[in-house]
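Note that these values count all heavy atoms, side chains included, but never hydrogens, waters or copies made by symmetry.
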Amino acid sequence: MTNSQLWWRGVRSSKFRHVYGRPAKREGCYENIKITKNAHDSNFCAANPKFVAIVTEVAGGGTFLVLPIHNTGRLDFNASRITGHRGPVLDVKWNPFNDNIIASCSDDCTVKLWYIPDGGLATHLSEWLIDLHGHKRRVGYIEWHPTAENILVSAGFDHLMIVWDVGCGEAVNVIDCHPDVIYSMSFNRDGSLIATTCKDKKLRIIEPRRGIVLSEGVCHAGTKACKVVFLGNTGRVLTTGFSRHSDRQYAVWSQNDLSAPLCIETIDCSSGVLFPYYDHDTRIVFLAGKGDGNIRYYEVVDQAPWLHYLNQFLSGSPQRGLGFMPKRGCDTTQCEIFRFYKLHATKGMCEPISMIVPRKSDTFQEDLFPDTAAPTPAVSAHDWINGRNCNPVLMSLNTGVSIQMHKPQPPPAMVVPIAALPTTNNNNIKKYAFLSQETVPDYRPRDSVQVIPLPLTEKSQKTSSNQSTKFQQIQQLFAQPNIMASDEYKRGERTEQLGDSPKTEFQLQRAYSRQCEELKLLRKQLANRERRIRELEEQVQTLQLQQRKAQSSHK
């Protein structure tokens, strides 16, 4: 066998062999963003075809930005943010069936849902749609169900996972099977199973409706965080973690048997946590490390070795987190099969990175863009809770599909009556109700208006009984229209009676000088008025004389 034949046998045929990453130009990036410096292992970024959300750094409380996807360039310093959390925001996820709804979890032990109007925020948003309370410690991760409407799963540092029905604001199930902190979780394609990794180094496959662990096993021997993602409907999962010697690894597992991996490979010896991102349509998995500047990508196959290395995107700037765009938001005309939103670790910038398959034709590439998940739920929350599973509703990227954009109403259980609100909120409501009333002016004379005396309260009684105090005397002194005569000020009799301090004498002198100026002004005004009266009297006399002369001439 010749060398050329050996070479051709060693090259694997694949249409994704030449995929390359293309970062956006400077004008296509989002700049001047104070990206969070939190050490939590999360993406801190989420995107959909309308908006991109970025968790930001703030002193006290927790905020995150929501920017329209086309508003690139330098961000205004006073840009509007979502400011409803009382602790740092740890994770954000967009609703897959409504591009205007985003969920966030925080260090304040809550999960909140927000409505973002089309066009973005005009002011700071602090009013949430739904506030979910159930965790006793901070909530680290959230995931939307891929096919069921209004189903959300949250994982907290209290070692609990809670399945929420956000349509009614209630917890469907509380999963308590983890002895330590949960590192990551991932739904399978139809949402019937969820895979989790934990600090106890175990990988678990859980049935979320009942909270039953179907299988579990030790995934990686290292001490740092492990991440997991389902590889579609293949019945396999991919985990990333660290070996006993702190080398970074990936492993492929069968969901039915976690006693041993199907394959395990060492990648490198870096220290950043690896995040896996799986594209169901092209069956490509991307591995990006926190603090790395590169993104590796592999093609998933159905036989050993299960993953084939394709290439990597290299960059000199490290990344703090990566968000990704759903397939329906990618540009099919540029053969863009995946798009990342990279948060730079050393500068406040979010940079879009497009993963592109080079093709010469400008027509729609059906082999690169098969039907993908549509923004339409395949099953209702009630049906899913009762045991029904459905694969995602598919849409064509060539024709598109209508997208749900309505603003959901808060569930009746979450609406609090006014009487049950705290006193401060109740007072604010009354105040705003008063301000919203129309003011009706009263033009009646003051003498005809009947004044109703107010009841004598305890405070008014105390005030009336304390009129002889030093403060009250000074207050009365300055409230009088004529404070006192100049000779009293000169003699200082009033000062001696009150026993005032030098500061009070200075105030009295200022009041005296002010009144002297007022008296001068009044004298001038009086003199002017008298002069004007004399002029008018002279004009009247002159007119009377002229009138008499005219009458005599007519006779």
Side-chain angles (χ1 to χ4, degrees), residues 24 27-31 33 43-56 63-76 79-84 89 91-104 112-125 127-130 142-146 149-150 152 166 277 279 281 321-334 336-343 349-355 369 372-377 392-409:
E27 57 270 16
C29 299
Y30 308 87
E31 295 186 271
I33 300 174
N43 292 320
F44 299 123
C45 180
N48 68 11
K50 282 188 176 182
F51 304 102
V52 57
I54 303 169
V55 180
T56 56
T63 64
F64 62 97
L65 279 171
V66 175
L67 303 173
I69 202 73
H70 299 296
N71 284 10
T72 57
R74 191 171 182 82
L75 180 70
D76 186 11
S80 301
R81 293 170 170 82
I82 294 178
T83 60
V89 177
D91 198 8
V92 289
K93 289 290 189 330
W94 289 101
N95 189 333
F97 310 123
N98 191 332
D99 286 344
N100 297 76
I101 303 296
I102 188 170
S104 62
K112 290 180 171 62
L113 265 68
W114 312 86
Y115 174 79
I116 311 300
D118 289 341
L121 299 174
T123 59
H124 289 323
L125 179 62
E127 296 181 1
W128 52 81
L129 283 177
I130 298 174
I142 49 177
E143 285 289 341
W144 288 95
H145 196 282
E149 188 176 21
N150 293 332
L152 180 72
V166 299
Y277 305 88
D279 183 7
D281 301 327
L322 286 171
F324 66 93
M325 175 69 70
K327 184 55 70 73
R328 55 190 174 88
C330 294
D331 188 359
T332 58
T333 60
Q334 300 293 325
E336 182 186 37
I337 60 172
F338 211 78
R339 187 191 306 165
F340 287 102
Y341 286 83
K342 173 181 175 179
L343 303 182
M349 185 168 71
C350 176
E351 179 185 28
I353 299 173
S354 299
M355 310 306 295
F369 301 102
T372 189
T376 305
V393 177
L394 301 180
M395 61 173 278
S396 171
L397 289 174
N398 193 18
T399 58
V401 72
S402 60
I403 298 175
Q404 185 179 7
M405 295 181 296
H406 71 276
K407 178 179 181 181
Q409 298 295 327

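Between the side chains of Thr83 and Thr63, no donor N or O sits under 3.5 Å from an acceptor N or O. A donor-acceptor contact under 3.5 angstrom links the side chains of Asn100 and Asp118, judged on distance only.
Distance check, rounded to the nearest 0.5 Å: CD1 of Ile33 to CZ of Phe64 gives 14.0 Å. To the nearest 0.5 Å, atoms CD1 (Ile82) and CD1 (Ile102) are separated by 6.0 Å. Between the NZ atom in Lys327 and the CD atom in Glu336 there is a gap of 9.5 Å [rounded to 0.5 Å]. Rounding to the nearest 0.5 angstrom, the gap separating the NZ atom in Lys342 from the SG atom in Cys29 is 10.0 Å. Between atom CG of residue Asn398 and atom CE of residue Met395 there is a gap of 10.0 Å, rounded to the nearest 0.5 Å. Note that the CG atom of Asp331 and the CD1 atom of Ile337 stand 13.0 Å from one another [nearest 0.5 Å].
The residues Arg328 and Asp281 are annotated as not salt-bridged, no charged nitrogen and carboxylate oxygen being separated by less than 4.0 angstrom.
A donor-acceptor pair is defined here as one N or O able to donate and one able to accept, closer than 3.5 Å; no such pair exists between the side chain of Thr376 and the backbone of Val393. Within the 3.5 Å criterion, the main-chain N or O of Lys50 finds no donor-acceptor partner in the side chain of Asp99. With Tyr30 contributing its side chain and Asn71 its backbone, the two residues share no donor-acceptor pair below 3.5 Å.
Taking 4.5 Å as the limit, some side-chain heavy atom of Phe340 sits within range of a side-chain heavy atom of Tyr277. A 4.5 Å side-chain heavy-atom check between Ile142 and Val92 finds every atom pair outside the cut-off. Residues Met325 and Pro49 have side chains in contact (heavy-atom distance under 4.5 Å, counting atoms from C-beta outward). Residues Ile353 and Arg339 have side chains not in contact (no heavy-atom distance under 4.5 Å, counting atoms from C-beta outward). For the pair Leu125 and Ile116, the minimum side-chain heavy-atom distance is below 4.5 Å. Side-chain contact between Tyr115 and Ile130 is absent, with no heavy-atom pair separated by less than 4.5 Å.
Smallest separation of non-hydrogen atoms from Cys45 and Ile54: SG-CG1, 4.3 Å. Minimum heavy-atom separation, Phe97 to His145: CE1-O, 3.9 Å. Contact detail for Ala103 and Leu113: the closest heavy-atom pair is CB-CD1, 4.0 Å. Closest heavy-atom contact between Leu394 and Ala374: C-CB, 4.1 Å. Of all heavy-atom pairs spanning Pro377 and Glu149, the tightest one is CB-CB, 3.7 Å. Annotation for Phe44 and Leu343: closest pair O-CD1, 3.5 Å, computed over non-hydrogen atoms.
Phe338 and Phe324 have parallel rings, their planes meeting at less than 30° on a 0 to 90° scale where 60° marks the start of perpendicular.
Under the rule for a ring pair (Phe, Tyr, Trp, His ring centres under 6.0 Å), the partners of Phe51 that lie at least two apart in sequence or sit in another chain are Trp94. Among residues two or more places apart in sequence or in another chain, the salt bridge (Lys or Arg N to Asp or Glu O under 4.0 Å) test is passed with Glu143 by Lys93.
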Q) Run the side-chain contact (heavy atoms from CB on, under 4.5 Å) check on Asn95 and Trp144 step by step: do they pass? A) CA-CA 7 Å; Asn95 189 333; Trp144 288 95; 3.8 Å; yes
Q: Show the numbers, then the answer: is there a side-chain contact (heavy atoms from CB on, under 4.5 Å) between Arg81 and Leu121?
A: CA-CA 7 Å; Arg81 293 170 170 82; Leu121 299 174; 5.9 Å; no
